[in-house]
Amino acid sequence: MSQLDVATLFTANIIRALLVAGVVALVWGRFSGHGLKLSHLPLLGQKGQANFYKALEDAYYNCKSLRRIPMRRHDIVWVPPKFISEVSALPESKVSVALDSATRFHGKYTGLGIIDFHFVDVIRIHVTRNLAKMFVPEDLAKNSVWVDLMINYTVVSMQAVEELHSYPMWTHPVVARFLPKCRVITDYRRRARDLLRPILEERRRLVDTDPTFVMPPDTLSWIIKEKGEGGWDPDYQARVQILIGVGSIHTTTNALSNTLFDIISTPGVTDELRTEYIDTLAANGGKMNKIALNSLVKFDSVMRESQRLNPSHAIAIGRMTTADLKLSDGEVVPRNTHFLFSSAAANKDPSVYASPDVFDPWRFVKLREAETNKADEGKWQFVATGPNSLGFGHGTHACPGRFFASNEMRLILGNLLLRYEFKFGDGIGRPRSLLGETTILPDTKTKVLIKSCK
Ligand code: HEM
């Protein structure tokens, strides 16, 4: 065969392969539920639009039925707020957060998909109950490689999601092996696994040989308790630890940054919070415990008000249907469809929050005090979730780490305020948040001047 014939045959085979792949992609697109089944729904926003904040807000007030949001990769269904309670209470088997994250964030390649829910139980039950000092053994928690890995994984994995977005889904099994950020992720996972392996092996040895050995109180042990035998697998533990890091580190840091920005920029707040912290410490023999932390109602109010105006996302309760989902008004969200609700708009609903655009540090102290029934005060707490308080989601998959985060934030803020004075540089006010496609992030490049208290 001549060189020309070989080249022609090679090209023909490639074209044939691409045609087959194209047909597969079309069939997959048709039956995986994206696109065609939603074409009858009116649009919300425009394709390729940088953000949907305004559209999400308008829809919150004006749309009473389903809408189609044209996101870059595929369409997502917007659901009106009146359905939040009924939909958020549905089980994972009907509206899946695992499927939603696995497909929207390419979980198989980025590690951002939920593997199972044992680690959620670990946080809901054990971390909350124990107010964990460390999630992993102290040596590892202070290991700079581990710290770097846990902090950067979220950033790199979101970059990997972007990389994968530029390629059709059906190419992902191949391209994910070569894309730079996907490779970094694989490396991070390997390094996490290698750091965890000796710790797990040593614990296993002690469990098998020393009848007096008690498993240390950390997430490694609790995961083994919830998962059983599979919890000893370093690869599984690495994936779970990374997911815990992704769920907890940047969310809490962002919430802390926003709260600090609001404290600094609102006159009088620092002094009120300092006094509350000092008085509470004095009443508890100089120590903070869970009950004492719970009595810091001014801190709680400032944190919730800050999250109300600057939540981490403009949307909430992102799920994927596993079967056609019939809503109580008869409308149907088709099977295999991603859907979500407006959350930033719900936080500023004037029928719930007076002067909704104003940062009122004591808004939630006053709302608590206005309740005639003490049992109703709880709904104004930072950790309370509801249709107009979606910063931690709501319902079946509401953030299980919010109790931990709430205590952690009070401890950090209280200690910062006792030790330091903060102010923005001259002429600088509270920074506006940075808006991504649906994310709302504090501008952490803002310079804050800090000096020790005398
Ligand atoms: C201020 C800090 C935090 C914020 C704003 C936050 C926010 C959220 C939100 C919005 C969700 C999604 C809920 C839904 O889909 O309905 C979520 C889920 C989750 N969060 Fe948090 N979170 C925070 C801190 C934490 C911490 C400290 C941990 C771990 C210790 C954690 C672990 C999780 C987990 C495991 C889930 C998945 C729950 C599930 O799918 O059932 N979060 N969080």
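Read the numbers this way: they start at 1 and go in the same order the structure lists the ligands and their atoms. No experiment lies behind these values; they were computed from the predicted model shown.
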* Of the options K366, R308, R304, which is the one that meets D360 in a salt bridge (Lys or Arg N to Asp or Glu O under 4.0 Å)? -> K366
* Judged by modelled atom types alone, do D349 and Y60 share a side-chain donor-acceptor pair under 3.5 Å? -> yes
* Asked: Just checking, any donor-acceptor pair under 3.5 angstrom between side chains of S433 and N310?
  ->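 Yes, a side-chain donor-acceptor pair sits under 3.5 Å.
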Non-hydrogen atom of [X] closer than 4.0 Å to ligand 1:
X	value
H313	no
H394	yes
E92	no

* **Among G391, C399, A316, closest by any non-hydrogen atom to atom 10 (C) of ligand 1** =>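 That would be G391.
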* Please work out which of P400, G393, G247 has its closest non-hydrogen atom nearest to atom 36 (C) of ligand 1. =>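 Selected option, by shortest heavy-atom distance: P400.
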* Regarding R204 and the six-membered ring of W232, is the cationic atom NZ or CZ under 6.0 Å from the ring centre and inside 45° of its axis? -> yes
* Identify whether NZ of Lys or CZ of Arg in K227 sits under 6.0 Å from the centre of the six-membered ring of Y236 and within 45° of that ring's axis. =>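 Pair K227/Y236 counts as cation-pi.
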At less than 4.0 angstrom from any non-hydrogen atom of [X], what atoms of ligand 1 do you find?
X	result
F135	30 (C)
V97	40 (O)
R319	14 (C), 15 (O), 16 (O)
A255	1 (C)

* Examine distances only and state if a side-chain atom of D376 and a backbone atom of K379 form a donor-acceptor pair shorter than 3.5 Å. =>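 Such a contact is absent between D376 side chain and K379 backbone.
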* Pair E331 + K82: basic N to acidic O under 4.0 Å ->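 Result for this pair is no, no salt bridge flagged.
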* Asked: Any ion pair linking K181 and E162 (charged N to carboxylate O, less than 4.0 Å)?
  ->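 Answer for the salt bridge query: no.
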* Of the side chain and backbone of T251, name the one, both, or neither that has a heavy atom under 4.0 Å from an atom of ligand 1. =>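 It is both backbone and side chain that touch ligand 1.
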* Asked: Side chain or backbone of Q307 under 4.0 Å from ligand 1, or both, or neither, by non-hydrogen atoms?
  -> side chain
* Asked: Polar-atom distance check: H397 versus ligand 1, any N or O pair below 3.5 Å?
  ->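 Yes; at least one N/O pair falls below 3.5 Å.
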